[in-house]
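Some notes on the structure that comes next.
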Amino acid sequence: MASESSPPLIAAQLNHLVLNFPLLAKIEPKWSGSKEYRGVLDRFTLVISYCLDFIKWDVIFDAEYPMSAPDFIFGPQDESFQQFLVLHGEDPKSPLNRLGDWDSQDPTQLMLLVQELRDQYMAYQKKLVGEVQDDRVKFEISTIAFREGIEMQLSSGFDKPEEVKFAVPLVDTNINKMVPGCPWIYPQKIYLQVIYPVEKKYVSTPSAPRLKLVATPDLKTLFSIDDIKLPTWLAGMCMAEYLPPLEETLEKQVLEAISLIDVRRRFIEALAVQFGRPVEADPIFCRKATFISASGVFTFMVHLTITTQFPKQPPAIMLQSCQHFNAQGVPLKSVSLTDYPFSPRWEASLMAERIWDFLADEALIFKKYCNEQY
């Protein structure tokens, strides 16, 4: 449990935050700030996703007065954020209002407060970026101001130059709804990270920004962002020119990735004709399947892992004995097999036939290996 040694009122706030706030990356180890209750943990650090990076805020409850609202300590790079909050305290959406009306009996309070603080942090960073004396950055902001969901951040440090980071959401499509039986709880997103070095002096030919595609973690079960090559940023280009063709490419990639689910499903169905009904199979993304097979009296399992690049890449096959175990009681397994007759141009039925033929010989090799180890 996320708040095992915290007072019940604080524990309830923490648990609700962990279970319901998707932008919370993690809670770092908690500690106690009470002299009277040294074993009671009432302080912790929140690690929150922001602008494709993380911000850390210390949350300070008081174990002696658990009904009181918490204090927040922001990072050293955000020393002026607290002043920003005070200056905007009259805003009806200000988190200071929630602190003033804190209800410790309501477990949603901490999550709502963190969300409001993050929203204000977005406004704070937008203000900082808008004050940067760099004509290119100001121009870029003006060209993408109409796009929703953009996050920006001014990044600087003692030993590194100032940079402006943008996190631009791409593909205005609900990917979750496109996947039948989708198990994802939160919407899957693709972002373009754009990083500009701050040029305080005029530069006739400014360098291209650093670019990187980033996706929410669960999306890798559908397709890999790493397989997408970003288009070249041409001299004199701006984001308003760069983004439309990139989004068009990504939309095609998403549609192709979803169509490949059916391709993998037909392949698993073709395998079932040869091996019989699978013992286990991934019914949504069709990335894995397991069958039971036999060579004489030797019974073994056939595990297939199908990549998102199928049929361009062959599935990885691993055999597992049902009769041989190591000293720890773990079934003996083969190495991953990918070097076998396969062509992406074959029909699914032919792929399955060739795998069946290949395993007829491979099973004898695996049986010999198991007998030697056993």
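Since this is a predicted model, take the numbers as computed values, not measurements. Positions are given from 1 along the sequence. Computed from heavy atoms alone, side chains included, the values below leave out hydrogens, waters and symmetry copies.
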Requested in this report: Check for a donor-acceptor pair, side chain of Gln373 on one end and backbone N or O of Asn371 on the other, with a separation under 3.5 Å.
Outcome: no
Report task. Side-chain contact test, heavy atoms from C-beta onward, threshold under 4.5 Å: evaluate it for Pro7 versus Met67 and give yes or no. Result -> no
Report task. Please lay out, stage by stage, how Arg265 and Glu269 fare under the test salt bridge (Lys or Arg N to Asp or Glu O under 4.0 Å). Result -> CA-CA 6 Å; Arg265 179 175 286 109; Glu269 290 170 351; 5.2 Å; no
Report task. Quick one: closest heavy-atom pair of Phe358 and Asp339, and the distance? Result -> CE1-O, 4.2 Å
Report task. Could you check whether the rings of Trp57 and Phe74 sit parallel, tilted or perpendicular, using 30° and 60° as the cut-offs? Result -> perpendicular
Requested in this report: Check the pair His303, Lys288 against side-chain contact (heavy atoms from CB on, under 4.5 Å), reporting the backbone distance first and the verdict last.
Outcome: CA-CA 7 Å; His303 301 286; Lys288 292 184 178 181; over 6 Å; no
Report task. Anything under 30° is parallel, anything over 60° is perpendicular, the rest tilted; go ahead and classify Trp233 against Tyr242. Result -> tilted
Report summary line: Correct closest heavy-atom pair for Pro278 and Ala272 would be CD-CB, 4.2 Å
Report task. Determine whether Val198 and Ile144 fall in the same hydrophobic cluster, where Ile, Leu, Val, Met, Phe, Trp and Tyr are linked whenever their side-chain heavy atoms lie under 4.5 Å apart. Result -> yes
Report summary line: Of all heavy-atom pairs linking Ser49 and Phe54, the shortest is OG-CE2, 3.8 Å
**Report entry** Between CG on residue Leu154 and NZ on residue Lys127, distance to nearest 0.5 Å
**Finding:** 11.5 Å
Report task. Spell out, yes or no, whether Ile268 and Ile284 are grouped together once hydrophobic residues are joined by side-chain heavy atoms under 4.5 Å, including indirect joins. Result -> no
Requested in this report: Check whether any side-chain N or O of Ser224 sits under 3.5 Å from a backbone N or O of Asp226 as a donor-acceptor pair, and report yes or no.
Outcome: yes
Requested in this report: List the steps, then state whether side-chain contact (heavy atoms from CB on, under 4.5 Å) holds for Val132 with Lys138.
Outcome: CA-CA 8 Å; Val132 168; Lys138 290 181 180 293; over 6 Å; no
Query raised in the report: Stepwise, does the side-chain contact (heavy atoms from CB on, under 4.5 Å) test hold for Ile27 with Thr45?
Result: CA-CA 6 Å; Ile27 295 179; Thr45 300; over 6 Å; no
Report task. Check whether more than 12 heavy atoms from other residues, nucleotides or ligands sit under 6.0 Å from atom CD of Gln83, and answer yes or no. Result -> no
Query raised in the report: Do Ser334 and Met318 have side-chain heavy atoms sitting under 4.5 Å apart?
Result: yes
Query raised in the report: With a 4.5 Å limit on heavy-atom distance, are the side chains of Tyr340 and Pro315 in contact?
Result: yes
Query raised in the report: Just how far is it from atom CZ of Phe223 to atom CD1 of Ile258, taken to the nearest 0.5 Å?
Result: 8.5 Å
**Report entry** Reported CD-to-CG distance for the pair Gln115 and Leu23, which is rounded to 0.5 angstrom
**Finding:** 6.5 Å
Query raised in the report: Is Phe325 atom CZ crowded by more than 12 heavy atoms from other residues, nucleotides or ligands, each under 6.0 Å away?
Result: yes
Report task. Evaluate the side-chain proximity of Ile190 to Val254: yes if any heavy-atom separation is below 4.5 Å, no if none is. Result -> yes
Query raised in the report: Does some side-chain heavy atom of Lys177 sit less than 4.5 Å from a side-chain heavy atom of Cys182?
Result: no
**Report entry** Pairwise salt bridge (charged side-chain N to carboxylate O under 4.0 Å, His left out) hits with a residue in residues 45-59, at least two apart
**Finding:** Glu28-Lys56, Asp53-Lys165
Report summary line: Of all heavy-atom pairs linking Ser321 and Pro331, the shortest is O-CB, 3.6 Å
Query raised in the report: What orientation do Phe81 and Tyr124 show, parallel under 30°, tilted 30 to 60°, or perpendicular over 60°?
Result: tilted
Query - Hydrophobic cluster membership, Leu19 vs Leu113, 4.5 Å side-chain cutoff - result: no
Query raised in the report: If we ignore angles and hydrogens, is there a donor and acceptor under 3.5 Å between the side chains of Ser155 and Glu163?
Result: no
Query raised in the report: Does a sphere of radius 6.0 Å around CG in Leu234 hold more than 12 heavy atoms from other residues, nucleotides or ligands, not counting ones at 6.0 Å or beyond?
Result: yes
**Report entry** N/O donor-acceptor pair under 3.5 Å between Tyr121 side chain and Glu116 backbone
**Finding:** no
Query raised in the report: Phe84 and Asp78: side-chain contact (heavy atoms from CB on, under 4.5 Å), yes or no, with the steps?
Result: CA-CA 10 Å; Phe84 176 87; Asp78 294 318; over 6 Å; no
Query - Interatomic distance, Leu213 atom CG to Leu192 atom CG [nearest 0.5 angstrom] - result: 6.0 Å
Query raised in the report: Sub-3.5 Å donor-acceptor pair from the side chain of Gln323 to the main-chain atoms of Thr299, do we have one?
Result: yes
Query raised in the report: Does the ring centre of His324 sit less than 6.0 Å away from the ring centre of Phe298?
Result: yes
Query raised in the report: Any luck finding a side-chain donor-acceptor pair between Tyr196 and Glu140 under 3.5 Å?
Result: yes
**Report entry** Whether over 12 other heavy atoms sit under 6.0 Å from Gln313 CD
**Finding:** yes
**Report entry** Heavy-atom pair of closest approach, residues Glu251 and Val171
**Finding:** CG-CG1, 3.9 Å
Report task. Check whether any side-chain heavy atom of Phe61 sits under 4.5 Å from a side-chain heavy atom of Leu14, and report yes or no. Result -> no
Query raised in the report: With distance as the sole test, does Asn326 use its side chain to make a donor-acceptor pair with the main-chain N or O of Leu332 at under 3.5 Å?
Result: no
Query raised in the report: Going by heavy atoms in the side chains, are Ser293 and Trp356 under 4.5 Å from each other?
Result: yes
Query raised in the report: Quick one: does Leu337's side chain get under 4.5 Å of Phe366's, heavy atoms only?
Result: no
Query raised in the report: How many angstroms lie between atom CH2 of Trp346 and atom CZ of Arg354, to the nearest 0.5 angstrom?
Result: 4.0 Å
Query raised in the report: Taking atom CD of Glu347 as the centre, does the number of heavy atoms from other residues, nucleotides or ligands within less than 6.0 Å exceed 12?
Result: no
Requested in this report: Compare every heavy atom of Pro95 with every heavy atom of Leu117, then report the nearest pair and how far apart it is.
Outcome: CD2-CG, 3.6 Å
Query raised in the report: More than 12 heavy atoms of other residues, nucleotides or ligands under 6.0 Å from CD of Gln309: is that the case?
Result: yes
Query raised in the report: More than 12 foreign heavy atoms under 6.0 Å from CE of Met237: is that the case here?
Result: yes
Query raised in the report: When you look at Lys189 and Glu151, which way does the salt bridge (Lys or Arg N to Asp or Glu O under 4.0 Å) test go after all the steps?
Result: CA-CA 14 Å; Lys189 300 285 187 180; Glu151 295 182 353; over 6 Å; no
Query raised in the report: Does Glu353 reach the main-chain N or O of Leu271 with its side chain, forming a donor-acceptor pair under 3.5 Å?
Result: no
Query - Verify same cluster id: Val273, Met351 (apolar side-chain graph, 4.5 Å) - result: no
Query raised in the report: Is the backbone N or O of Tyr186 less than 3.5 Å from a side-chain atom of Gln188, with the two atoms forming a donor-acceptor pair by type?
Result: yes
Requested in this report: Any chance you could measure Leu319, atom CG, to Tyr369, atom OH, to the nearest 0.5 Å?
Outcome: 11.5 Å
Query raised in the report: Cluster question for you: counting only ILVMFWY and a side-chain heavy-atom cut-off of under 4.5 Å, with indirect links fine, are Phe285 and Val263 together?
Result: no
